[in-house]
Amino acid sequence: MITGASSGIGRVFAHRLAASGHDVLLVARDAARLDAECAALRAAHGVEATALIADLSDDADIARVADRLRSESRLTMLVSNAGFGTRGTIETADPAGQSRMLRLHVQATHELVHAALPGMLTRRNGTIIVVASVASWSPTAGNVNYNATKAYQRMYCEALAHELEETGVQVQALCPGFTYTEFHDRLGNGRKGIPGWAWLPADRVVDESLAQARARGPVVCVPGKRFKLIVFLLKYAPWMLGSLRQRYRRDRLKVTPE
Ligand SMILES: NC(=O)c1ccc[n+]([C@@H]2O[C@H](COP(=O)([O-])OP(=O)(O)OC[C@H]3O[C@@H](n4cnc5c(N)ncnc54)[C@H](OP(=O)(O)O)[C@@H]3O)[C@@H](O)[C@H]2O)c1
C-alpha cells in the first residue's frame with residue numbers, strides 16, 4: 001500500500017514497486033487520477049493495481065484504510081507518504097488546514113502503521129516506509145507544524161525500529177530534501193527562494209529509499225550527498241546554514257528583505 005500515490009514521490013513508489021512485480025493498493029483523494037494510475041500500472045506491468053479513494057485527514061477514512069490493511073494477507077510493504085505543506089505562521093495560517101496536517105501526518109501515519117504491523121509480525125516479513133523530511137531537523141518560521149509533524153514521523157520510525165528488532169519487519173524514515181513534485185506547486189509559487197542546486201528528482205529519492213530498504217540499511221534515509229551534508233550541518237553546526245534558512249523563511253512568510 002502506498003498513500004499519496006496520485007502524484008510525486010508516492011506515484012514513483014507505485015511505479016517502481018509495480019515494475020518489480022508487486023500488486024499495489026494506491027491511496028489518495030483524487031479518484032480520476034488514481035484510477036488512471038492504476039490502469040497505467042496494470043497495462044505496463046500486468047500487476048493488480050487497486051485504487052482506494054480516501055482523505056487521510058478524515059477519521060472515518062483513516063479507519064476504512066486501516067481496516068483494509070488489516071484484512072490484506074499479502075501485505076509486504078506500507079509506504080505512508082501522503083502529506084502537504086502550508087503557508088503562514090501559527091497565528092495567521094488557516095486553523096483547519098493545520099488540523100488536517102496533524103491528522104494526516106501524525107494520526108494517519110500511526111493508525112496505518114498500527115494496522116499493518118500485526119500481519120507483518122505474524123508473517124515475520126514486512127517493510128514500513130514513512131516519508132518524513134529533512135525539515136524534521138530544521139525549525140523554520142512559517143513551517144511550525146510541518147517541522148513538528150515531520151520530526152514526529154522520523155522519531156516514530158527511529159523508536160519503532162527498536163521495538164521491531166529481530167522481528168523480520170523493518171521500518172524506514174525517508175527524509176527527502178527539496179524534491180521536484182507537486183508539493184511546492186500546491187503551495188503556490190512555493191519554489192521561490194530555493195536555489196536550483198537544492199532540488200532532487202522524485203525517482204532519485206525513491207530509488208535510494210528502496211535500495212536502502214533492500215539492503216536492510218539504516219532506519220533514516222536521506223537521499224542525495226548534498227542533503228546528507230545539510231543534515232549533518234543542521235545537527236552539528238546549524239549556524240552555518242543561517243543565511244539559507246533566512247532566505248527560505250522570508251519567502252515562506254512573504255516578508256520583503258530589508
Ligand atoms: N517535495 C518535497 O520537496 C518534499 C520534501 C520532503 C518531504 N516531502 C514529503 O513527501 C511526501 C509526498 O509529497 P510529494 O512531494 O510527493 O507531494 P505531491 O506531489 O503534492 O504529492 C502528495 C500526495 O499526497 C496526497 N494527499 C495529500 N493530502 C492527502 C489526504 N488528505 N489524504 C490522502 N492523500 C493525500 C496527494 O493526492 P490527492 O491530492 O489526490 O489526495 C498526493 O498523491 C509528503 O509527505 C511530503 O511532506 C516532500
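It should be emphasised that the depicted structure is a prediction, and the values quoted were computed from it without experimental measurement. Every number for a ligand or one of its atoms is a count from 1 in the order of the listing.
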heavy-atom search around atom 36 (C) of ligand 1 in the protein gives Arg186 NH2, 3.7 Å
Short version for His184: what comes under 4.0 Å of ligand 1, heavy atoms counted, is side chain
Ranked by distance from atom 3 (O) of ligand 1, the top protein heavy atom is Thr179 N, 2.8 Å
One finds that the ligand 1 atoms under 4.0 Å from a non-hydrogen atom of Ser133 are 6 (C), 7 (C)
Closest to atom 15 (O) of ligand 1 among protein heavy atoms sits Thr181 OG1, 2.6 Å
Looking only at protein heavy atoms, what sits closest to atom 5 (C) of ligand 1 is Gly177 O, 3.1 Å
Residue, atom and distance of the protein heavy atom nearest atom 12 (C) of ligand 1 read Asn81 OD1, 3.0 Å
Of all protein heavy atoms, the one nearest atom 13 (O) of ligand 1 is Phe183 CD1, 4.2 Å
Heavy atoms of Tyr156 and His110 approach each other most closely as OH-ND1, 2.8 Å
Heavy-atom proximity to atom 38 (P) of ligand 1, picking from Ser6, Pro223, Gly4, points to Ser6
Honestly, for Leu56 the part within reach of ligand 1 (heavy atoms, under 4.0 Å) is both
| field | Distance-only N or O hit between ligand 1 and Ile9, under 3.5 Å | value | yes
A student checking ligand 1 against Phe178 at a 4.0 Å heavy-atom cut-off should list atoms 3 (O)
Within the 3.5 Å criterion, strictly below it, is a donor on Gln98 or Thr86 matched to an acceptor on the partner's side chain?
yes
The protein heavy atom nearest to atom 19 (O) of ligand 1 is Ser7 OG, 2.7 Å
Discussion item. Looking only at the side chains, is there a donor atom on one of Glu111 and Gln107 sitting less than 3.5 Å from an acceptor on the other?
Written reply: yes
Checking heavy atoms under 4.0 Å, the part of Ala5 that sits near ligand 1 is backbone
Assess the side chains of Arg154 and Ser136: does a donor N or O sit below 3.5 Å from an acceptor N or O?
yes
Among Val134, Ile2, Asp55, closest by heavy atom to atom 31 (N) of ligand 1 is Asp55
Contact region, Tyr146 to ligand 1, non-hydrogen atoms below 4.0 Å, reads side chain
